[in-house]
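Values in this document were obtained by computation on a predicted structure and should not be read as measured data. Protein chains get the first letters and strands the later ones, always in sequence-line order, with residue 1 at the start of each.
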2 protein chains.
Amino acid sequence: MSLNLQEKILRAASELFYSQGIRATGVDAIAKAANTTKMSLYKYFMSKDDLVLAFLRKRDEDFRVWFVDQVDGKADTPKARLLAVFDVLDEWMATPEFRGCAFINAAAEFPLAGNSVLQVSAGFYDHFRRYIADLAEQCGSKSPESLALQLSLLLEGAIVSEQMKRHSGSAEQAKQAAIILIEHSIIDIPDTSLPTSNPGEQQ
Amino acid sequence: MSLNLQEKILRAASELFYSQGIRATGVDAIAKAANTTKMSLYKYFMSKDDLVLAFLRKRDEDFRVWFVDQVDGKADTPKARLLAVFDVLDEWMATPEFRGCAFINAAAEFPLAGNSVLQVSAGFYDHFRRYIADLAEQCGSKSPESLALQLSLLLEGAIVSEQMKRHSGSAEQAKQAAIILIEHSIIDIPDTSLPTSNPGEQQ
DNA sequence: ATAGGAGTATACCGATCGGTATAGTCTATT
DNA sequence: AATAGACTATACCGATCGGTATACTCCTAT
């Protein structure tokens, strides 16, 4: 009934993992939250680790789709979208459920080097940076990859900053910084000691 | 013998908390790592939570002192120090023990709103930003607070980025961005008005 | 009608969790 | 020599952890 039991379990787990932390969430609590039993849970997921990875992989997909949709709905030129990213960020962080970035949090909870959790988390930000880099390229950035990395640093920084202390204006400052960096990356500015290994084309 | 037993326990706990995560570290493991017993541990610390807070508070003090020392040793003008911050960051991140920021990680593990862990973590970055803001003011920034927040966003972003994926050049890009932001904040430029969503005139 | 699969209910497993009780060892001071 | 306090050793507590075994109730497809 209602919906796929597997999906119900995954949803319940996702909500608990994100709101309370992964290690702090037991499988009993997940089963109860999904209105089912551990037996069914283990029918669809080999182990808790398996469930954790399913959570992260789904979130990887869902969150990026949601985010891009939000950005696209706010602006329609590449440059405006690059800035709209920070407006979406701001709105997301104002949400009462906001509890930081699920991937950053997961990485903090599973620090072992080769961990799958770490890999999925890194993958998320790879994808995200690619999205930013594409936008950067479309608005004529001289170094889209660099700009994308810089902007994503601001974004990640704002997230963790807001996580530790709410409503401290992280998103606004991140946007202000982004404006400067974007302009600087687009406009032809010679100096400011930023060679960025740009061969030729200088003049 | 050797040194204060209390301090030995705290040291062992700190190392385990940072390298493996707080929730992943049991008190038995701490006692064993400190070459003592749980009984002694509970003589000096009321509870594990107490030990966690002691860890964070000590790290708050120690890390900032260490960081400022490192920066001071690298440069002696405010502006140069503002940039040296990112060199110290880079060296720290290259360390094999690097596992991200203890406070960001702790905040990820203890997400409940009023949690003491969250408060100590927020306090750390308040102090840190004050340090940056002082440097910013000394080099004639027009808005030291804004610049300090922006730079600290870059810094925190670089930390979590490096945590998820090592050696991806986060610190270098953070520094490049910092150079631009610092110059922009010092040089006499009207204001950081939005070039794109500019509603109209700007006196 | 009946067999099989989906899902439930519940009890259990060994291990570990944070934390405590009790008894004993050691050393320094008196 | 006696005492006291710091520290150890060890066993224990109830609770919870991730995970499993068994038996049950359904519903559906043949």
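- Minimum interatomic distance between A:Ala107 and B:Met164 (heavy atoms only, all atoms of both residues): CB-CG, 3.8 Å.
- Of the side-chain N and O atoms in B:Thr37, none sit less than 4.0 angstrom from OP1 or OP2 of D:dC7.
- For B:Arg23 and B:Phe17, the positive end is not near the middle of the six-membered ring at less than 6.0 Å and at most 45° from its axis.
- Rounded to whole angstrom, the span from the CD1 atom of A:Ile9 across to the P atom of C:dA6 amounts to 13 Å.
- Open room surrounds CD on A:Glu137; 12 or fewer heavy atoms of other groups in view lie less than 6.0 Å from it.
- Counting only N and O atoms by type, the side chains of A:Ser19 and A:Arg99 include no donor and acceptor under 3.5 Å apart.
- In this structure, of C:dG18, C:dA21, C:dT8, it is C:dA21 that holds the atom nearest to the side chain of B:Met39.
- The nearest whole Å value for the distance from the CG atom in B:Asp28 to the C1' atom in D:dC13 is 13 Å.
- No engagement by A:Asp49 is indicated, since no non-hydrogen atom pair under 4.0 Å with the nucleic acid exists.
- Spacing between atom CD1 of B:Ile30 and atom P of C:dG18 amounts to 8 Å, rounded to whole angstrom units.
- If you take CG of A:Asn4 and C1' of C:dA6, they are 12 Å apart, rounded to a whole angstrom.
- Using a 4.0 Å cut-off, some side-chain N or O of A:Tyr44 falls inside it from OP1 or OP2 of C:dG7.
- A straight line from CD of A:Glu7 to P of C:dG7 spans 13 Å, rounded to a whole angstrom.
- The separation between B:Tyr42 atom OH and D:dA11 atom P is 19 Å, rounded to whole Å.
- B:Phe45 comes within contact range of no nucleotide atom at all, as no heavy-atom separation falls under 4.0 Å.
- Here D:dA9 presents its P atom at 15 Å from CG of B:Leu41, a figure rounded to the nearest Å.
- For A:Arg59 and A:Phe124, the positive end is not near the middle of the six-membered ring at less than 6.0 Å and at most 45° from its axis.
- Using a 4.0 Å heavy-atom cutoff across all strands shown, A:Asn35 reaches sugar-phosphate atoms only and no base atom.
- Phosphate proximity of D:dG19 to A:Lys38: absent, as no side-chain N or O sits under 4.0 Å from OP1 or OP2.
- Listed nucleotides D:dG19, C:dG7, C:dG19 differ in distance to B:Ser47; the shortest reach to its side chain belongs to C:dG19.
- Residue A:Ser40 places at least one side-chain N or O under 4.0 Å from the OP1 or OP2 atom of C:dT8.
- Taking only side-chain atoms of B:Lys43, from C-beta outward, the nucleotide of D:dT8, C:dG19, D:dC7 with the closest atom is D:dC7.
- Whole-Å rounding puts the B:Lys32 NZ to D:dT10 P distance at 12 Å.
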